[in-house]
Amino acid sequence: MDRFLKSPRINAVPDRIALIQIGLALCAGMLLLPALGRVAALSAVLAGGISALSTWYTGRKVFGSRAKSAQQFVRNLYLAHFMKLLLVVALFCIVFATVPVNFPVFVTTYAATLAVYAWALAAGMRTRRG
């Protein structure tokens with residue numbers, strides 16, 4: 001595990017997951033634009049962007065920390081997820097206060113991008129065990 005955490009390419013994983021999330025949000029936005037209009041398309045893109053940004057931030061904070069012990073790594077993990085939660089809440093508040101949003105589309109797209117994140121973590125755990 002120590003070798004994995006000190007790898008120079010470790011940040012490639014959260015970068016890749018965030019890019020997939022952004023791609024999903026952009027595809028949803030393009031599909032929703034003709035079907036439901038600009039507000040729905042923008043809602044999908046914003047929700048996916050928030051999810052991707054929070055994924056990228058968390059991955060960078062956790063794996064870029066260069067923790068020297070398991071205790072430091074776990075502390076960084078908890079702190080990164082707490083900061084991710086604050087970031088998501090702040091961005092949600094900004095979006096809801098400044099942009100007209102199609103709430104069902106926003107929540108559905110955010111949930112879909114979270115599913116991508118969960119799938120990537122589960123797939124990564126399966127490949128690292130075997």
Side-chain angles (χ1 to χ4, degrees):
M1 174 137 175
D2 191 44
R3 185 172 52 97
F4 176 73
L5 292 176
K6 294 184 189 309
S7 169
R9 300 220 0 100
I10 192 64
N11 286 325
V13 173
D15 293 350
R16 250 188 319 233
I17 295 170
L19 284 173
I20 292 169
Q21 288 176 314
I22 288 173
L24 176 66
L26 290 173
C27 288
M30 287 189 310
L31 291 173
L32 289 169
L33 184 60
L36 297 177
R38 287 183 8 208
V39 171
L42 181 62
S43 297
V45 171
L46 288 173
I50 290 171
S51 182
L53 180 64
S54 64
T55 296
W56 178 82
Y57 171 80
T58 304
R60 290 290 174 135
K61 289 305 262 185
V62 170
F63 295 114
S65 69
R66 305 287 190 226
K68 294 187 183 353
S69 69
Q71 185 180 18
Q72 285 178 331
F73 182 78
V74 171
R75 188 175 342 158
N76 290 341
L77 183 69
Y78 279 114
L79 181 60
H81 278 86
F82 177 72
M83 294 304 291
K84 175 184 179 175
L85 180 63
L86 290 179
L87 177 66
V88 168
V89 168
L91 291 173
F92 273 30
C93 289
I94 290 169
V95 167
F96 292 149
T98 60
V99 180
V101 173
N102 182 321
F103 190 75
V105 168
F106 188 91
V107 170
T108 302
T109 306
Y110 187 76
T113 57
L114 283 182
V116 166
Y117 178 70
W119 172 81
L121 291 177
M125 290 180 76
R126 264 187 270 128
T127 57
R128 289 183 11 119
R129 261 193 248 155

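Not measured: the values here are computed from a predicted model.
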*Asks:* Rounded at 0.5 Å granularity, tell me how far CG in Leu36 sits from CG in Leu31.
*Replies:*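 Atom-to-atom, Leu36:CG and Leu31:CG are 10.5 Å apart.
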
*Asks:* Could you give the distance from CZ (Phe82) to CG (Leu87), rounded to the nearest 0.5 Å?
*Replies:*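 Rounded to the nearest 0.5 Å, the CZ-CG separation comes out at 12.0 Å.
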
*Asks:* Can you list the residues that meet the side-chain contact (heavy atoms from CB on, under 4.5 Å) rule with Leu79, with sequence neighbours excluded?
*Replies:* Met83

*Asks:* Looking at every heavy atom in both Ala52 and Gln21, which two are closest together, and how far apart are they?
*Replies:* CA-OE1, 3.2 Å

*Asks:* Treating Ile, Leu, Val, Met, Phe, Trp and Tyr as nodes and any side-chain heavy-atom pair under 4.5 angstrom as an edge, say whether Leu42 and Ile50 lie in one connected cluster.
*Replies:* yes

*Asks:* Using side-chain hydrogen bond (donor to acceptor under 3.5 Å, both in side chains) as the criterion, list what pairs up with Thr109, not counting sequence neighbours.
*Replies:*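 Partners of Thr109 by the side-chain hydrogen bond (donor to acceptor under 3.5 Å, both in side chains) criterion come out as none, since no residue qualifies.
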
*Asks:* Go through the structure and list residues passing ring pair (Phe, Tyr, Trp, His ring centres under 6.0 Å) with Phe106, not counting sequence neighbours.
*Replies:* Phe92, Phe96

*Asks:* Side chains of Trp56 and Ile17: closer than 4.5 Å at any heavy-atom pair?
*Replies:* no

*Asks:* Holding to ring pair (Phe, Tyr, Trp, His ring centres under 6.0 Å), I want the full list of residues that pass it with Tyr78, two or more places apart in sequence or in another chain.
*Replies:* none

*Asks:* Of the non-hydrogen atoms in Gly48 and Ala25, which two are nearest, and what is the gap between them?
*Replies:* CA-CB, 3.4 Å

*Asks:* Using 0.5 Å steps for rounding, measure from the OG1 atom of Thr58 to the CG atom of Leu53.
*Replies:* 9.0 Å

*Asks:* Give the other cluster members for Val116, using side-chain heavy-atom distances under 4.5 Å between Ile, Leu, Val, Met, Phe, Trp and Tyr residues; answer none if it is isolated.
*Replies:* Ile20, Leu24

*Asks:* Just jot down the side-chain contact (heavy atoms from CB on, under 4.5 Å) partners of Ala41, sequence neighbours excluded, or say none.
*Replies:*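 side-chain contact (heavy atoms from CB on, under 4.5 Å) list for Ala41, sorted by chain: Leu33.
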
*Asks:* According to side-chain contact (heavy atoms from CB on, under 4.5 Å), who are the partners of Leu26, at least two apart in sequence or on a separate chain?
*Replies:*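 If we apply the side-chain contact (heavy atoms from CB on, under 4.5 Å) test to Leu26, skipping adjacent residues, the hits are Ile22, Val45.
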
*Asks:* Side chains of Tyr110 and Leu114: does their closest heavy-atom pair fall under 4.5 Å?
*Replies:* yes

*Asks:* Which residues pass the side-chain hydrogen bond (donor to acceptor under 3.5 Å, both in side chains) test with Ser54, sequence neighbours left out?
*Replies:* none

*Asks:* Once you round to the nearest 0.5 Å, how far does NE2 of His81 lie from OH of Tyr57?
*Replies:* 11.0 Å

*Asks:* Which pairs pass side-chain hydrogen bond (donor to acceptor under 3.5 Å, both in side chains) with one or both residues in residues 25-48, sequence neighbours excluded?
*Replies:*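 Qualifying pairs: none.
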
*Asks:* Is Val105 reachable from Ile94 through a run of hydrophobic residues whose side-chain heavy atoms are each under 4.5 Å from the next?
*Replies:* no

*Asks:* Could you pull out all residues at least two apart from Asn76 that satisfy side-chain hydrogen bond (donor to acceptor under 3.5 Å, both in side chains)?
*Replies:* Ser65

*Asks:* Please give the remaining members of the hydrophobic cluster of Val39, linking ILVMFWY side chains under 4.5 Å, ordered by chain and number.
*Replies:*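 Grouped by the 4.5 Å side-chain rule, Val39 forms a cluster of one, so the answer is none.
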
*Asks:* Apart from Val89 itself, which Ile, Leu, Val, Met, Phe, Trp or Tyr residues share its cluster (side-chain heavy atoms under 4.5 Å, direct or through members)?
*Replies:*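 In the cluster with Val89 are Leu85.
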
